[in-house]
Structure formats: structure tokens, C-alpha cells
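These numbers come from the heavy atoms of this one structure, side chains and all, not from hydrogens, waters or symmetry mates. Residue numbering restarts at 1 for every chain, and letters A, B, ... go by the order of the sequence lines.
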Amino acid sequence: MLLLTGLDHITDEELRRFKYFAVTEFKIARSTLNTADRTELADQLIQSAGAASAVVKAISIFQKLNYMGIANALEEKKKEAESKYMTNTKKRGTQKVESRSKAEKCSVASATCSDKVFKEPSATGVCPQAKPQKKQMVAEQEAIREDLQRDPLAVMVLKAINPFECETQEGRQEIFHATVATETDFFFVKVLNAQFKDKFIPKRTIKISNYLWHSNFMEVTSFSVVVDAESNHEVRVPDNIIKKAGKTPKINKLRTQPCGTIVNGLFKVQKITEQEDRVLYGIHDGTGTMEVLVLGTQSKPKCEEGDKIRLTFFEVSKNGEKIQLKSGPCSFFKVIKAAKPKTEMKSVE
DNA sequence: GGCGCGCGCGCC
DNA sequence: GGCGCGCGCGCC
């Protein structure tokens with residue numbers, strides 16, 4: 001399962017390079033390797049070297065290919081799995097029930113989970129057919145190297161929106177956004193695997209590890225591990241933080257925020273400018289006005305002056321001297337129609 | 001010392 | 001979650 005998780009995170013081109021090294025590292029015929037897909041490859045590696053040794057060798061290949069993000073993450077997962085195996089072995093027989101319930105709590109997308117995942121790779125939510133663009137992949141690995149947070153962080157879920165389809169580095173997939181908080185802070189989360197939705201239930205405390213920290217938001221990927229916290233380890237979030245987390249920021253405040261700040265909120269529209277591949281919305285509140293740029297809306301939602309727009313995961317962005325809110329690849333945009341004024345009386349006295 | 005801004009709280 | 005009020009702090 002560890003292997004498969006690692007292999008799922010590389011492109012087809014990288015897979016070919018992996019196989020090139022695998023021929024010498026493992027004693028497998030090149031012809032057999034070449035036709036293997038990710039699942040078959042993982043199977044062959046294990047057949048050839050045994051599960052434990054196959055992981056070690058795979059890590060060494062990832063290191064040779066300089067895919068350090070993946071190598072490190074695999075190494076970490078391996079250690080995790082080993083320590084789990086040790087405790088399970090010790091407890092076996094006396095506390096079998098408890099260890100099983102632990103495994104069940106663990107998400108399907110986690111690499112340390114039951115071999116069910118191994119037999120059904122589609123259940124991991126990672127799309128093996130995806131052909132990410134090379135440049136994006138490099139950027140992603142950079143991010144993994146710099147921002148991968150391995151230590152579990154306990155947070156309380158404040159809010160989670162319904163999953164929706166969006167274009168990511170791994171192709172088109174279901175993602176969702178959430179807001180979570182610790183005792184002292186709240187932050188927004190981008191979850192790139194809709195299977196985690198059943199963990200992101202408001203008021204629940206969850207532990208997230210192997211997530212990416214993007215300076216102003218958290219990114220949970222298929223590589224991350226999300227588990228329910230033990231009932232006696234609940235995070236208690238003060239009311240003022242909960243309230244602040246859900247508030248729409250004031251426009252004058254947004255003007256002072258650095259580029260890249262993630263913005264969620266409900267705004268009143270006063271002007272709409274439609275262009276071919278984009279729509280500009282003029283928004284206002286009691287503190288000022290601002291522009292919202294929504295890119296690439298194939299289906300332009302009908303919006304009129306006076307309606308409101310709900311923005312999720314928009315970014316503060318600079319367009320020349322002008323500060324605006326811009327949609328990113330994973331932004332969510334919704335028009336909320338203004339309440340219709342009471343329809344005209346049919347008969348006037 | 002006065003004014004203004006920002007934050008927190010409570011009501012709707 | 002929006003809105004409005006009040007309080008406290010910092011600057012002139």
C-alpha cells in the first residue's frame with residue numbers, strides 16, 4: 001500500500017524513469033516491467049523483494065530520481081507503519097478489538113490502512129490516468145519539500161462545504177474547502193480528496209498529518225492522514241474565534257492584506273462586467289468597494305446588480321496598482337439572488 | 001485630552 | 001453571520 005501511494009504520486013513519464021532504475025534494483029525482466037501499470041508494478045516489486053525490502057528499494061530509487069518529497073514521505077509512512085505493526089504485534093491476542101477499531105477509524109485514503117486499499121486502488125481517490133503537467137509537478141514537489149508538515153495537528157472542524165469538481169495538478173477531481181481551528185487560531189483548508197469529507201464534520205476534533213502548509217492555508221491531499229481524535233483529546237475553540245472564522249472580511253481590511261491571502265465571504269454586487277473568459281464584479285460594503293475577477297467561467301451564473309456572491313478560496317491579488325479578489329483554480333463561486341420584491345399586485349384599487 | 005480606529009460582544 | 005454599539009488603546 002505504501003508503494004502504491006508513492007507510485008500514484010508520480011507522472012507517467014516519472015513512472016517510466018522509475019521502471020528504468022527498477023530493472024537493476026530489482027531482478028525483474030524489463031519486458032514485464034514495461035507493460036505494468038502502477039498496481040501491477042507495486043505487486044511485482046513486492047513479489048521480487050518482499051514487502052519491506054521493496055519499500056526500502058523504492059525509496060532509494062525515488063532518491064536517485066531526486067523525487068525527495070516522495071522519498072521522504074514514503075520513509076515517514078514506512079516508519080509509521082512499522083511502529084503500528086510493532087504495537088499491534090504486542091497487543092495481538094489481548095486487545096485485538098481495539099486495534100481493529102483503530103484501523104477502521106483510519107481513513108481509506110491513508111497509506112497505512114488495510115490491504116483493501118491495495119486491492120482497490122481507485123478507492124484512494126488518486127486518479128492514475130491523470131497526466132499532470134511537468135512544470136506543475138515540479139512546483140508541487142517543491143512545495144512538498146518545503147511545506148510538508150508530518151506532525152499531526154489536532155483541530156476542530158468549524159465548517160466544510162460540499163465537494164465539487166475542479167481542475168488540479170492531478171487532473172479533474174472532487175475537492176472541498178473547510179474551516180478548522182485550534183484553541184488560538186482558525187484557518188482555511190483545501191482538501192484535494194473528497195473521501196475525507198466524512199472526517200470534516202463540524203464540531204468534531206480531527207488530527208491531520210502529512211499536510212502542506214501554504215503560509216495562509218492548509219492543504220490536505222491524498223497523501224495526508226486524517227483521523228478522528230480520541231474523545232478525551234477534543235480541541236476546545238473559544239467562541240470569539242469561531243465567530244471570527246465565519247465572518248465576511250470588510251473590504252477596507254482586505255485592501256491591507258498581502259497578495260495571496262485567502263478570502264471567504266458573502267459580498268453585495270453593484271456592477272457586473274462580462275468578458276469572453278472572465279467576469280468582473282464590483283462589490284461593496286459599508287467600508288468601501290472592490291473588484292472581484294472570476295476567470296474561466298464556462299457556465300456564467302446569472303447575476304444582477306443587488307444580488308450577492310459567495311466567494312470561497314478567492315485570493316487577494318494585485319492587478320497593476322489595483323487590488324482585487326481573484327479566483328484561483330480551486331475557488332468556489334456562487335450567486336445568491338436577492339429576495340424578489342413582492343410581485344406587483346394584479347389589481348390596483 | 002480628544003479623536004479615530006479596531007476589536008469584541010450581544011442582539012437580531 | 002451581519003450589524004451596531006462600546007470600550008480601550010495609540011497617536012497627535
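- Here the side chain of Glu219(A) pairs no donor or acceptor atom with the backbone of His214(A) at under 3.5 angstrom.
- Using a 4.0 Å cut-off between charged nitrogen and carboxylate oxygen, Glu234(A) and Lys203(A) do not count as a salt-bridge pair.
- One finds the SG atom of Cys330(A) at 6.0 Å from the NE2 atom of His177(A) (value rounded to the nearest 0.5 Å).
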(request) Take nucleotides 2-12 of chain C nucleotide by nucleotide from the 5' end and write B, S or -, depending on whether a protein heavy atom sits under 4.0 Å from the base, only from the sugar-phosphate, or from neither. (result) BB---------
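- Within 6.0 Å of atom NZ in Lys326(A), 12 or fewer heavy atoms from other residues, nucleotides or ligands are found, so the atom counts as exposed in its surroundings.
- Classification of Lys199(A) and Asp228(A) as a salt-bridged pair holds, one side-chain N sitting under 4.0 Å from a carboxylate O.
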